[in-house]
Amino acid sequence: MGRVLRCPIFPALYTDMTTRQLDKTYDPRLVEERWYRFWIERRYFHAEPSDSGEPYCIVIPPPNVTGSLHVGHALNNTLQDILIRWRRMQGRNTLWMPGTDHAGIATQNVVEKQLLQEGTSREALGREKFIERVWQWKATSGDRIVRQLERLGASCDWERLRFTMDEGLSRAVREVFVRLHEEGLIYRGERLINWCPRCLTALSDIEVEHEDAKGRLYSIEYPLADDPSVRLTVATTRPETMFGDTAVAVHPDDGRYNSLIGREVRVPLTGRTIPIVGDAILVDPEFGTGVVKITPAHDFNDFEAGERHRLPRLSVFDHHARLDPVGLRAAAVEQSAVEAVELLPAAKARPKIEQLLRDRGALVKVEDHTMALGRCYRCKTVVEPYLSPQWFVNIKPLAQPAIEAVEQGRVRFIPEGWINNYLGWMRDIKDWCISRQIWWGHQIPAWYCTHCNKELILETVHAGMATTEAKDLPQASRTRITILPKAKPIVARTAPNRCPTCGKNRFIRDPDVLDTWFSSGLWPFSTLGWPDQTPELKTYYPTAVLVTGLDILFFWVARMIMLGLKFMGDVPFRDVYIHALVRDAEGQKMSKSKGNVIDPLHVMDQYGTDALRFTLASMASPGRDIKLAEERIEGYRNFANKIWNVARFILLHLEGPRAATPPNERPFPDRWILSRLSNAVTQVTEELNAYRFDRAAGALYQFIWHEYCDWYLELIKPELQDPASPLAPGIRQTLVESFETMLRLLHPFMPFITEEVWQSLPHEEASIVTRPYPLAQPEWADREAEGSFVLLERAVKMVRTARVLLNYPPAKHLTLYFSHELGGEERRLRMLLPHVAHLGRGKSEIVAIENMPAGHILRLVLEGLTVGIVVEGDVDLHKALDRIRKQIAEGEKERQRLEGKLNNAEFTAKAPPDVIADHQERLEGVRRDRVMLRDSESQLDNMLKD
RNA sequence: GGGCGGAUAGCUCAGUUGGAAGAGCGCUGCCCUUACAAGGCAGAGGUCACAGGUUCAAUCCCUGUUCCGCCUACCA
């Protein structure tokens, strides 16, 4: 004990620990940061296109710059790092491309909150100053997530770190935008879009999260304009939108109403009359009253119905989703009603409207009703369908090739089940709203000639908004402009010099920025240098695999496939590995508000990075969410400690000569462990090839703990502890060799402890990081040794069981007789007996013989193996008798089951021969054991009577 | 409303081209045996959700039911 660890490469690494002894427990805090720096200094993670080896590239799902490492990141990046480190060790030209995402709305929110605390706002600052401020924020805090990924051990090529707002990536964004616009695949138009009244921006369809909410269904009577005695009853969940109604619809085949089509009804509380139209798409005559109001400016279905019937659009909300007095008056709402509801958000306006309708006698009934509510995915505010001019991608032409690529298997999904999800979404894809009314992001490369579009550029956001804006917002925001849909944009890579129409050079740039996911959609090629044809692009595109969570399948994965195919002419990645969501131990989604968040940084502090990584890998079974419990992490912390102590053991016993022994001269334990090791190598490699991280981790755990530690180390201890042992040099060699191989096998999963331990072993290379990944050694496979082990294990377990059963103290001498009924096993058993004696614990003298001496001998039986135990002194035999009776009962059940089966004519006629032979063999064993057990039972009985 | 996935030991989860049910944690008992008590050894614990069907044989394949997740959707 007490060897000094010294790093042979960088002795300085250990200067502060030169007197450090190998403690009994592994302390990750002492080693992790040190080794990470070592790896970075040696540039092990850096890749060049000119490097040797088949390229293997993964682009990181760029975390938000605002992000802090959460357990989902930890899982995602652990899996990527396992793949990358594994492939690097296999000699591939391995690039893990890292980067962060500017995360438009999220980042803007973070900085805005800061400004609020400082008593100011982005509007007061103005656009340029604000953006400057965000960059400043990014410079100081934006790298936090990068440092946390380093902490996780992520072997990214940090020299290539990218950011979605880098100049290079921004150039790619402009290039893509311009080209798509040139092809007519990007257009600007006034549509109903999802609007977040808190973020004050448009959202794409998938940025809206749906949830069921309790609401009410209001039935309201609309009187016929020319005959108020006839009233149509309309049901709505949102009575506040009725002011914007521009028609009511009935089913054209509905005999109750179709004669009324073409006549008009009066909208209650207004001076307006609107037409009755027939619409077979919108109206289900079976539902409700069969009459539907149409509000094209505030409902997606109604918007489309409005298109079909060329109805006007009346917007009655402002951009804070409050009832807008200007809009209300434009909709001819009665003054008293306007005063009652103006500037109220929908939820507050609803009871007032309910009262107004009641007073008017227009409210027929109100029922409880559940409805789907959309919320902003960033701030959870209820989104409002809102009419405004926006930019869109005409997505169908891009979607088609992306559908085919997956159908043809050019992009594989793992697990495959998600393919249908993907295809279903892609086939039904809607145009993508890509403009956002925020400041932080890629500003749209479109300019308007202020001369030619004079009337179309307004200083207010919406005709109805001026009043509310002036009231609520500071001075600076009033300069905000709205460019009406009819304005003609000039889309270009750089700002235009002169207007092609009028020749003047006064332009205003479109104030909108692009959806964050527009730039992340280019990530696999923009990070590699596109639009330039760089060596990186040629070498590493298409990338090997994308590792991601399901939550961004549509946001990100689908768009990368579409844009990759469009601009690179090839898929961005061959495989998409989709991992699960990490939940808490109760299966709840982790969230700050629930307070059930497991902080990976805290976990790493407490248990070590390797323990966290191994836990996540172990639990990454496909198709099932991960319920992460802290006890599990603790278990793998113990596993790390186990490895640490193996290293201590080996260093302790390494003194003395080592010699390579020819395979056929190796002692049984060495032959056995090498055979098992080769098996583990094969298994781990196969599982990694199939992205079965859980099974690979399981195989490693099983091999290292339960084969290597529990059996191999115990088997060789006597030889190592015997200074005169002629076998010791060979065993030492196998010991070091097998352990080093095992460390390499484990390294992608537990990089820190494997490096730490590896460095303490004799070695020539600089680091385990660049050592080759183990290959299965066919010459190590040894069926003979594996067969012997099975016999050994049985014999040892019997001796151990016997001691426990008899309550036999370890110090008390035990004489054991073994016999084996199977021919040919006798010799093998004799060879194993010294090991049995040693592993059986305590002092044992073991003899193998065919005929046991008569007398006070207790016999135990296990699968054809019999052990006779000479009992000395007083022992409690009742437990042993109970055990034997239990065995007899179990054997009896098994015997009946097997006999029943073998007596079944159909079974013997139809089952495969090997199955039948197996059954027969088992039956023979059971019968044999039965004789011995009965014998033991009566012996014990007699002994107890004495 | 549509689609997908899950239901196996007290807990978290593996597994089986259909042929004697597995791990980790927890629990019980013994052991501080000079690598490791964050350990060792020996145990207890399961009609593999329910009901049918196919088969010589079903936890596994098929059908239906119940419960739980997730994705998706315009039913006012």
Side-chain angles (χ1 to χ4, degrees), chain A residues 1 22 24-26 206 210 217-218 234-238 249 281-284 286-295 299-305 369 371-372 415 417-418 420-421 424-425 428 550-551 553-554 580-581 583 585 587 589 607 611 618-619 621 623-629 631-632 634-653 694-695 698 701-702 706 709-710 713-714 717 721 796-797 800-805 807-811 839-842 883 894 897-898 901 904-912 914-916 918-919 922:
Chain A
M1 274 265 297
L22 273 127
K24 280 189 170 186
T25 51
Y26 168 61
I206 50 176
H210 294 276
L217 188 63
Y218 300 80
V234 163
T236 179
T237 53
R238 303 198 55 200
I281 298 171
L282 187 67
V283 184
D284 173 4
E286 304 293 312
F287 185 89
T289 57
V291 186
V292 185
K293 68 193 202 62
I294 300 181
T295 321
D299 181 280
F300 287 100
N301 292 320
D302 293 5
F303 180 84
E304 283 174 24
H369 185 76
M371 54 182 192
W418 301 118
N420 285 335
N421 243 346
W425 188 74
D428 196 33
L550 181 68
D551 48 340
L553 184 65
F554 301 138
L581 193 70
R583 300 167 173 279
K589 211 166 180 172
Y607 299 106
S618 298
M619 302 190 79
S621 298
R624 194 194 281 251
D625 283 346
I626 296 176
K627 290 185 202 165
L628 189 62
E631 301 80 63
R632 193 75 184 251
E634 197 179 328
Y636 290 116
R637 185 271 314 264
N638 296 352
F639 179 52
N641 197 47
K642 191 80 179 174
I643 291 157
W644 177 253
N645 277 293
V646 179
R648 289 180 66 216
F649 174 85
I650 291 177
L651 292 176
L652 227 51
H653 294 95
D694 57 330
R695 298 214 283 205
Y701 187 94
Q702 172 67 22
H706 296 305
C709 295
D710 287 353
L713 294 186
E714 297 302 328
K717 261 181 192 172
Q721 285 162 353
V796 168
K797 280 187 186 278
R800 288 170 175 170
T801 304
R803 275 207 185 263
V804 171
L805 275 179
N807 228 346
Y808 223 69
L839 291 169
R841 304 287 167 186
R883 165 69 176 255
E894 178 69 353
R897 194 185 68 83
L898 289 166
K901 235 173 157 184
N904 185 324
E906 280 188 296
F907 172 74
T908 47
K910 291 183 183 171
D914 57 320
V915 172
I916 295 170
D918 189 53
H919 277 66
R922 288 206 305 264

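Order of the sequence lines sets the chain letters (A, B, ...), proteins ahead of strands, with each chain counted from 1. Since the structure is predicted, the reported quantities are computational estimates derived from the model, not experimental observations.
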* To do: From the options B/rC56, B/rA76, B/rG40, select the nucleotide whose nearest atom is closest to the side chain of A/Asp710.
  => B/rG40

* To do: For B/rA20, take OP1 and OP2 only and decide whether either is under 4.0 Å from a side-chain N or O of A/Arg922.
  => yes

* Reckon A/Lys717 has a side-chain N or O less than 4.0 Å from the OP1 or OP2 of B/rU33? -> no

* Look at the side chain of A/Asn301 and decide which nucleotide, out of B/rA76, B/rA35, B/rC74, has an atom nearest to it. => B/rC74

* Between B/rG3 and B/rU16 - C1' atom distance, rounded Å -> 28 Å

* With rounding to whole Å, what would you report as the distance between B/rC48 and B/rU8 at their C1' atoms? -> 4 Å

* Asked: To the side chain of A/Asn641, which of B/rC70, B/rA76, B/rC36 is closest?
  -> B/rC36

* Asked: For A/Val646 and A/Ile650, what are the C-alpha separation, side-chain angles and deciding distance, and is it a side-chain contact (heavy atoms from CB on, under 4.5 Å)?
  -> CA-CA 6 Å; A/Val646 179; A/Ile650 291 177; 3.8 Å; yes

* Structure fact -> Among the nucleotides B/rC71, B/rA76, B/rA73, whichever has the atom closest to the side chain of A/Phe554 is B/rC71

* Interatomic distance at P, B/rC50 relative to B/rC11, whole Å -> 15 Å

* Please state whether the rings of A/Tyr636 and A/Phe639 are parallel, tilted or perpendicular, taking 30° and 60° as the class boundaries. => perpendicular

* Options B/rA42, B/rG39, B/rA76, nucleotide nearest the side-chain atoms of A/Thr801 -> B/rA42

* Could you give the distance separating B/rG22 and B/rG46 at their C1' atoms, to the nearest angstrom? => 11 Å

* Structure fact -> The residue, A/Gln702 or A/Glu714, whose nearest nucleotide of RNA chain B is more 5′ is A/Gln702

* Indicate whether OP1 or OP2 belonging to B/rA14 is found under 4.0 Å from a side-chain N or O atom of A/Ser621. => yes

* To do: Please determine if a side-chain N or O atom of A/Lys797 lies less than 4.0 Å away from the OP1 or OP2 oxygen of B/rA42.
  => yes

* Using the C1' atom on both, measure B/rA49 against B/rA9 and round to a whole Å. => 15 Å

* Please state the P separation for the pair B/rC67 and B/rC61 - nearest whole angstrom. => 23 Å

* **Residue A/His369, side-chain heavy atoms: nucleotide from B/rA76, B/rG40, B/rC56 that is nearest** => B/rA76

* To do: Go ahead and write out RNA chain B as dot-bracket, 5' to 3': ( ) for pairs within the strand, [ ] for ones crossing earlier pairs, | when the partner sits on another strand, dots for unpaired; Watson-Crick or G-U wobble, both distances under 3.5 Å.
  => (((((((..((((.....[..)))).(((((.......))))).....(((((..]....))))))))))))....

* **Nearest listed nucleotide, side chain of A/Arg695, among B/rA38, B/rU16, B/rC70** => B/rU16

* **Candidate nucleotides B/rU12, B/rA38, B/rC56, ranked by approach to the side chain of A/Ala911 - the nearest** => B/rC56

* Asked: According to a strict under-4.0 Å criterion, is A/His706 in side-chain N/O contact with OP1 or OP2 of B/rA23?
  -> no

* Hey, does the side chain of A/Asn421 come within less than 4.0 Å of B/rU72's phosphate (OP1/OP2), counting only N and O? -> no

* 5' priority, RNA chain B, between A/Val646 and A/Arg632 [closest heavy atom] -> A/Arg632

* Looking only at side-chain atoms of A/Arg897, point me to the closest of B/rC36, B/rA20, B/rG19. => B/rA20

* Is the phosphate of B/rG24, meaning OP1 or OP2, less than 4.0 Å from a side-chain N or O of A/Ser618? -> no

* Asked: B/rG29 and B/rU66: how far apart are their C1' atoms, nearest whole angstrom?
  -> 41 Å

* Asked: If only atom types and distance count, is the side chain of A/Asp299 paired as donor or acceptor with the main-chain N or O of A/Asp302 below 3.5 Å?
  -> yes

* Structure fact -> Of all heavy-atom pairs linking A/Gly290 and A/Val283, the shortest is O-CG1, 3.4 Å

* To do: Return no unless some side-chain N or O of A/Arg648 is found under 4.0 Å from OP1 or OP2 of B/rU34.
  => no

* Under 4.0 angstrom, heavy atoms only, what part of the nucleic acid is A/Arg800 near: base, sugar-phosphate, or nothing? -> sugar-phosphate

* Could you tell me the separation between the CD1 atom of A/Ile916 and the C1' atom of B/rG18, rounded to a whole number of Å? => 16 Å

* **Presence of A/Lys293 side-chain N/O under 4.0 Å of B/rA76 phosphate oxygens OP1/OP2** => no

* For the pair A/Asp694 and A/Ser618, evaluate side chain to side chain donor-acceptor pair (under 3.5 Å) and give the outcome as yes or no after the intermediate values. => CA-CA 4 Å; A/Asp694 57 330; A/Ser618 298; over 6 Å; no

* If we take the C1' atom in both B/rC75 and B/rC68, what is their distance in whole Å? -> 26 Å

* Under 4.0 angstrom, heavy atoms only, what part of the nucleic acid is A/Asp284 near: base, sugar-phosphate, or nothing? -> base

